[in-house]
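Start at 1 and go down the list; that is how both ligands and their atoms are numbered.
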Amino acid sequence: MAKIENPPRKPFVARGSSIERCPQCRVALDACICEHRGERSKPSCEFWLLMHHNEFYKPTNTGQLIRDVIANTRVFEWSRTEPCDQLLTLLDDPDYAPCLVFPASDDYVDRMVDTLPADGRIPAFIILDGTWRQARRMFRLSRYLQALPVIEPKTDRLSNYQLRRSTVAEHLCTAEVAIALLEQFGEQKAADHLEGYFNRFNQQYIESRRRWDKALRDV
Ligand SMILES: [Zn+2]
């Protein structure tokens, strides 16, 4: 029998895609965490998320939690060749010191930094928000990012993110990367705020998922 080279793929239906979600926190309505969000924290740094387009629709995306609780967080959709003008303008803005957050490597050791500039510019941490595979691709292929300094968060944290298990415990999820950076640069209050909200999200999401799984089993 002839081998089928490209069997048709089944349409992708995300688990839980039929669940009605809160439009603000994106958790199922019965587990909404909005009341725990509080006023946005205002640390002296900013986060700019470059989000892979698949992440916009994933309810388990934690990058959006950063935007929910940290003031001035910006979210851009990543594009390999056509980054939006607003991002390019910001990268050239003398008021900011943009810095790409990524694991260290000998391949770009000359770009690695571990301190923030003390010249009054606002540190802007650019986090590549996608799976690790996507993030590596985004890092490698985005020419407009290739002149930026790179910072690896210094942290002993292991990932607590239970919704998407990585094979390597050290691979923090997007919100955990931001928490680690806030802690590293003395923004403990903002770090605690984001961590509290992240933990609440994690916990409520899992409980809600359990309830829905049980409801489906009981049908
Ligand atoms: Zn909500």
(message) For S44 versus P123, what's the shortest heavy-atom pair and its separation?
(response)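 Heavy atoms of S44 and P123 come nearest at O-CD, 3.5 Å.
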(request) For F139, check ring pair (Phe, Tyr, Trp, His ring centres under 6.0 Å) against everything at least two apart and list the hits. (result) F102, Y108
(request) Check whether the side chains of R143 and Q146 place a donor and an acceptor atom closer than 3.5 Å, and report yes or no. (result) no
(message) Count I, L, V, M, F, W, Y as connected when their side-chain heavy atoms are under 4.5 Å apart, and connections chain through other members. Are V109 and V101 then in the same cluster?
(response) no
(request) Would you indicate whether the side-chain heavy atoms of P153 and Q184 approach each other to under 4.5 Å? (result) yes
(request) Would you please test V27 and C32 for side chain to side chain contact (heavy atoms under 4.5 Å, CB included) and show each step? (result) CA-CA 5 Å; V27 179; C32 163; 5.7 Å; no
(request) Quick one: give me the number of protein N/O/S atoms under 2.8 Å from the Zn ion (ligand 1). (result)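 My tally for this metal is 4.
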